[in-house]
Amino acid sequence: HRSRRRRHCSPPTIAYRGAGVIDTLATHGGMSAAMNAAAEALSQQTLRDHLNAGVDLFFQAASSRREEADVALAEANEILEGSRVESARVKEEANTIKEDAIREAEGVKRKAREERAALEAEKAAMEKVHTLQKNKIHDVGGHRFTTSLQTLTSV
């Protein structure tokens, strides 16, 4: 006794093959009115089965696309969050550099003010010396010569 292997077909495939046989019989006039009605019902059922199978495939594809879109959205959100973290780090680093530059500039300004004050003090001292040197003595003890009062009193 041999065992036969049956090929398994999906319901739409079986219905489609059955409808083809029935259509062939109906075309050649080998069917009665009852059989024609049954063939018509089977054809409509076949159409419904094909339509349902198509709708199922559409929804499976749409679901798959939705899952792909969700994965892409999650990846985009991860990239966005990484960008936000990096942006915050760069902003903090920029603020630190800015604060360091401000402190350095204030130090340079303070040093310039100190040097300017020292220069002004030196200029005042030189002006005082110049004023003293303007006072010339021309006649000392009957001799004529020119010298400043500062030179005479510096010793």
Side-chain angles (χ1 to χ4, degrees), residues 2-24 38-141 143-155:
R2 285 192 228 177
S3 64
R4 286 187 172 181
R5 286 189 169 194
R6 283 184 79 176
R7 288 185 4 184
H8 294 283
C9 297
S10 64
T13 303
I14 293 170
Y16 179 74
R17 287 181 183 164
V21 169
I22 291 171
D23 287 343
T24 302
E40 181 66 27
L42 184 57
S43 292
Q44 288 177 359
Q45 182 61 41
T46 301
L47 183 60
R48 273 191 229 106
D49 289 345
H50 282 292
L51 182 61
N52 286 337
V55 168
D56 287 343
L57 286 174
F58 173 78
F59 280 111
Q60 287 174 356
S63 176
S64 176
R65 299 280 300 214
R66 170 69 187 259
E67 290 172 2
E68 291 172 5
D70 288 344
V71 168
L73 180 61
E75 290 173 359
N77 284 335
E78 286 178 23
I79 291 169
L80 179 60
E81 185 59 30
S83 295
R84 286 182 182 148
V85 169
E86 181 65 15
S87 174
R89 186 192 65 76
V90 168
K91 186 176 182 180
E92 182 64 32
E93 186 177 328
N95 285 337
T96 301
I97 291 170
K98 179 182 172 184
E99 290 169 0
D100 291 346
I102 288 172
R103 279 193 295 275
E104 186 178 340
E106 287 172 353
V108 168
K109 283 180 185 178
R110 185 180 62 252
K111 185 176 179 183
R113 280 189 226 113
E114 290 170 357
E115 288 176 357
R116 183 175 292 228
L119 179 63
E120 291 298 323
E122 189 176 335
K123 282 171 59 177
M126 289 176 70
E127 186 65 33
K128 184 177 177 185
V129 167
H130 183 66
T131 304
L132 290 175
Q133 287 181 354
K134 282 183 181 177
N135 300 330
K136 308 276 185 195
I137 299 176
H138 297 289
D139 186 9
V140 176
H143 291 84
R144 296 183 127 219
F145 62 95
T146 305
T147 187
S148 69
L149 180 60
Q150 182 184 12
T151 303
L152 292 173
T153 59
S154 66
V155 181

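None of the values given here were measured: they were computed from a predicted structure. Starting from 1, each residue takes its place in the sequence as its number.
Sorted by first and then second residue, the side-chain hydrogen bond (donor to acceptor under 3.5 Å, both in side chains) pairs with a member in residues 76-90 read E86-R89, R89-E93; sequence neighbours excluded. Residue pairs meeting the side-chain hydrogen bond (donor to acceptor under 3.5 Å, both in side chains) criterion with at least one member in residues 55-68, sequence neighbours excluded, are R66-D70.
Atom-to-atom distance recorded for K91:NZ and K98:NZ is 10.5 Å, nearest 0.5 angstrom. Rounding to the nearest 0.5 Å places CD1 of I97 at 12.0 Å from CD of E104. To the nearest 0.5 Å, atoms CG (N52) and CG (L57) are separated by 11.0 Å. Note: K123 NZ to E127 CD = 9.5 Å, rounded to the nearest 0.5 Å.
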**Report entry** Check against side chain to side chain donor-acceptor pair (under 3.5 Å), D49 and Q45
**Finding:** CA-CA 6 Å; D49 289 345; Q45 182 61 41; 2.8 Å; yes
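Within 6.0 Å of the CD atom in E122, the count of heavy atoms belonging to other residues, nucleotides or ligands does not exceed 12.
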